[in-house]
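Okay, so here's the structure we're looking at.
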Amino acid sequence: MKKLLLFILPILLICAGCTFANNTKQGDIMDKKILIAYFSWGGNTKSIAEKIQIKTGGDMFRIETATPYPEDYNEAAYGVAKKQHEEGTKPALKDNGDVSNYDIIFVGTPAWWYEMAPAVKTFLSENNFEGKTIVPFITHGGGGKYTIAEDMGKMAKGSKVLSPLVVYERGNSETDKEIDNWLKQIK
Ligand SMILES: Cc1cc2nc3c(=O)[nH]c(=O)nc-3n(C[C@H](O)[C@H](O)[C@H](O)COP(=O)(O)O)c2cc1C
């Protein structure tokens, strides 16, 4: 038993050291309190949020509307979401979230009708971002980032907005590397 402990203990210590090094290697922002808040209807933005979570160790918050969007693509996209886009609706959320305990808030959204998803507008409007840093990440179907990052800054008064990560749909085999480079850049 004693021999087994002597064998296992150094391995455990080395693993703990590696985890610490991995979590801190990205630099300054990793020392801050991080929240990853995201809206995702089809799962693409969620999968990017999960990658960011693994790399930063931040807390996760899924932004969800009080009334869920229809599961049918046409109904969701060309019905509810298009109308909300045209009317500038900020739909009620299941939970507005609370950013008060965080310094850095990664905010993820799919591009919906050339802008951030309406639920993300609600999240930004219903929280106080004074003195906070917003790090946008955007997934899209070919249209790119539009002015989503700039719009986030306008909605989240008093915040500083860093350069966004922009991913086509769910990304590809290069996405992990791109996220690593982006995190290094923004630190
Ligand atoms: C309602 C709706 C509107 C969309 N509008 C755009 C758009 O304006 N530009 C674009 O490039 N992609 C658009 N897309 C595609 C999504 O941005 C893309 O598939 C995104 O990765 C979906 O993220 P999600 O799976 O997390 O919901 C739209 C999709 C939906 C459902």
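We count ligands from 1, going down the list as the structure has it; atoms in each ligand are counted the same way. In this text, all values refer to a predicted model and were calculated from it rather than measured experimentally.
Annotation: atom 19 (O) of ligand 1 to nearest protein heavy atom, Glu169 OE1, 2.7 Å. Regarding atom 5 (N) of ligand 1, its nearest protein heavy-atom neighbour is Trp113 N, 2.9 Å. Gly141 N, 3.4 Å is the protein heavy atom nearest to atom 10 (C) of ligand 1. Closest protein heavy atom to atom 21 (O) of ligand 1: Thr139 OG1, 2.7 Å.
For the residue pair Tyr69/Gln84, the side-chain donor-acceptor check at 3.5 Å is satisfied.
In this comparison of Trp112, Tyr168, Phe39, Tyr114, the heavy atom closest to atom 3 (C) of ligand 1 sits on Trp112. Distances from atom 25 (O) of ligand 1 to the heavy atoms of Asn44, Val167, Val80 put Asn44 nearest. Atom 22 (C) of ligand 1 has its nearest heavy-atom neighbour, among Pro110, Ala111, Gly144, Pro118, in Pro110. Distances from atom 29 (C) of ligand 1 to the heavy atoms of Trp41, Tyr73, Tyr69 show the closest one on Tyr73.
Inclusion of Gly42 in the set of residues having an N or O under 3.5 Å from an N or O of ligand 1 is warranted. Considering both main-chain and side-chain atoms, Lys46 never comes within under 3.5 Å of ligand 1 through any nitrogen or oxygen pair.
Taking the charged nitrogens against the carboxylate oxygens, Lys46 and Glu50 do have a contact shorter than 4.0 Å, which makes a salt bridge. With salt bridges taken as basic N to acidic carboxylate O contacts below 4.0 Å, one links Lys55 and Asp176.
Rounded to the nearest 0.5 angstrom, Leu93 CG and Thr67 OG1 are separated by 10.5 Å. Rounded to the nearest 0.5 Å, atoms CG (Leu124) and CD1 (Ile63) are 7.0 Å apart. Put simply, CH2 on Trp41 and CD on Glu71 are 8.5 Å apart, with the number rounded to the nearest 0.5 Å. Rounded to the nearest 0.5 angstrom, Met152 CE and Phe129 CZ are separated by 9.5 Å.
Asn127 places a side-chain N or O within donor-acceptor distance of the main-chain N or O of Asn96, the cut-off being under 3.5 Å. At least one donor-acceptor pair closer than 3.5 Å links the side chain of Asp103 to the backbone N or O of Lys33.
In this structure, Tyr146 has a heavy atom closer than 4.0 Å to ligand 1.
Near Thr45, meaning under 4.0 Å from one of its heavy atoms, ligand 1 places the atoms 23 (O), 24 (P), 26 (O). Less than 4.0 angstrom separates some heavy atom of Gly142 from each of these atoms of ligand 1: 11 (O). Residue contact check: Gly143 has heavy atoms under 4.0 Å from atoms 10 (C), 11 (O) of ligand 1. Listed by number with element, the atoms of ligand 1 under 4.0 angstrom from any heavy atom of Ala81 are 1 (C).
At a heavy-atom distance under 4.0 Å, atoms from both the backbone and the side chain of Ser40 approach ligand 1.
Using bins of under 30°, 30° to 60° and over 60° for the plane-to-plane angle, the ring pair Tyr114/His85 lands in the perpendicular bin.
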